[in-house]
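Numbering of residues begins at 1 and proceeds along the displayed sequence. Reckoned from all heavy atoms, side chains included, excluding hydrogens, waters and symmetry mates.
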Amino acid sequence: MPGREPPRPSEPARPLVVVAGGRTDVGRVRTLNEDSYLVAALGRDAVVMKGTTTTITIPQTPALLVVADGVGGAASGEIASLMATDTMFIELRRRYESSDWPATAAGVEAALRAVVSAANHVIYTYAVGNPQHRGMATTATLAVVHESTITIAQVGDSRAYLVRGGDARQITRDQSLIQRLIDAGEMTEGEAATSDRRNIILQALGSEATVSPDLYRERAEAGDVLLLCSDGLSNLVGPADMARIALADDNMETVCERLVGYANSLGGHDNITVVAARFEPGEPSSAPPTTTPGSTSPGLSDRVRRWLR
């Protein structure tokens, strides 16, 4: 009997590459855009994209994606959302630089709780010390992609969706009065869509001294698209249209522009912000890959450090 052929060595697992873009728009009704977003590589290149629609590729995770919807008016909401996105990046980057990056999923969740708490402290303290900005606050939904795991923290009603197999599934549940009523069976989804109470949120960064984010975890697969968005998009564009637009083009810049454009075509009643990230199979390699930047944000670290004093 011929001897069995020895097993062939298995191919190394292919890491997932994150290809992401973002877009924010004032909409058709408002005169001030209080939304912010951020896409960043936490690795050695520390590339940050915000305020542009350029697509960036992050071959080596961890990666950070954030959407924040500020409230407070008179530019206070804009400041709050910027504080949230910048503080979260700096705090996570500090952990990564100090080799304190968590090795477990539970550790990543603990890190997200910590950076959400830090952002809340910065905004709350700034508002207390600057009476002209009292009442400033912001929602925040942030996702950290580490290898093939997506960990999401949410405060408020900015949402996260996962597009897979032609469908967009909402991952997060709004921290809102309407969602509470729906969960209690006191209101239907249809009634909620037209309710004048749908913008009442139960939590926001900066409104109280402490905050409690909701956490979610997903396993990413090649071909998936992760969408983070403010309610200016989700109040107008349904999951079916999100999936259709997200899968119609490989360029995430184009996807974000089309989603924002579609929301504007439906009225654009609020500021509209979306971050789209597609997951692609990477090439196994022993050499550390580099990050391809779309744009950078000079001065971000200095600005946040001033806020953190």
Side-chain angles (χ1 to χ4, degrees), residues 10-23 37-43 45 47 49 52-67 105 108-109 112 141-154 158-173 215-230 233-234 237-263 273-285 287-294:
S10 59
E11 292 186 4
R14 304 181 81 185
L16 289 180
V17 172
V18 181
V19 182
R23 180 83 162 89
Y37 75 87
L38 179 144
V39 177
L42 296 180
D45 293 328
V47 173
M49 179 191 73
T52 71
T53 54
T54 305
T55 296
I56 67 172
T57 300
I58 304 173
Q60 186 178 33
T61 59
L64 171 66
L65 317 170
V66 189
V67 164
V108 174
E109 290 183 357
L112 291 192
T141 294
L142 60 151
V144 165
V145 181
H146 188 211
E147 297 176 347
S148 59
T149 300
I150 307 167
T151 308
I152 296 169
Q154 180 197 41
S158 293
R159 294 180 178 179
Y161 293 84
L162 187 66
V163 181
R164 176 181 294 167
D167 297 318
R169 172 173 58 87
Q170 184 178 335
I171 300 171
T172 55
R173 295 179 68 80
L215 297 173
Y216 306 86
R217 193 188 306 161
E218 294 283 340
R219 177 69 64 176
E221 298 178 1
D224 289 350
V225 177
L226 177 67
L227 297 177
L228 306 183
C229 65
S230 63
L233 184 82
S234 58
V237 182
D241 286 318
M242 288 185 190
R244 173 181 58 81
I245 295 171
L247 298 175
D249 200 292
D250 289 340
N251 188 310
M252 294 297 99
E253 173 185 353
T254 301
V255 166
C256 292
E257 289 179 339
R258 288 176 177 172
L259 284 167
V260 168
Y262 189 53
T273 302
V274 60
V275 167
R278 189 179 73 252
F279 300 96
E280 299 178 348
E283 294 298 331
S285 171
T290 57
T291 303
T292 304

Is it true that a side-chain atom of S158 and a backbone atom of T141 form a donor plus acceptor pair closer than 3.5 Å? no
With a 3.5 Å distance limit and no angle check, can you tell me whether T55 reaches the backbone of E253 through a side-chain donor-acceptor pair? yes
Check Y37 against G22 and note the closest heavy-atom contact, atom names and distance. OH-O, 3.3 Å
Nearest atoms (heavy-atom pairs only) where A160 meets T172: N-OG1, 3.1 Å
Run the side-chain hydrogen bond (donor to acceptor under 3.5 Å, both in side chains) test against [X] and tell me which residues pass, sequence neighbours left out.
| X | answer |
| --- | --- |
| D241 | R244, Y262 |
| S148 | R219 |
| Y216 | none |
| R164 | D224 |

Contacts of A222 meeting side-chain contact (heavy atoms from CB on, under 4.5 Å) (sequence neighbours excluded), chain-then-number -> L16, P281
Which residues satisfy the side-chain contact (heavy atoms from CB on, under 4.5 Å) test with E109, sequence neighbours excluded? T151, L215, R217
Say you draw a straight line from [atom1] of [X] to [atom2] of [Y]; how long is it, rounded to the nearest 0.5 Å?
| X | Y | atom1 | atom2 | value |
| --- | --- | --- | --- | --- |
| Y161 | L226 | OH | CG | 12.0 Å |
| M252 | E257 | CE | CD | 12.0 Å |
| E218 | L162 | CD | CG | 5.5 Å |

Taking side chain as C-beta onward, heavy atoms only, is F279 less than 4.5 Å from V17? no
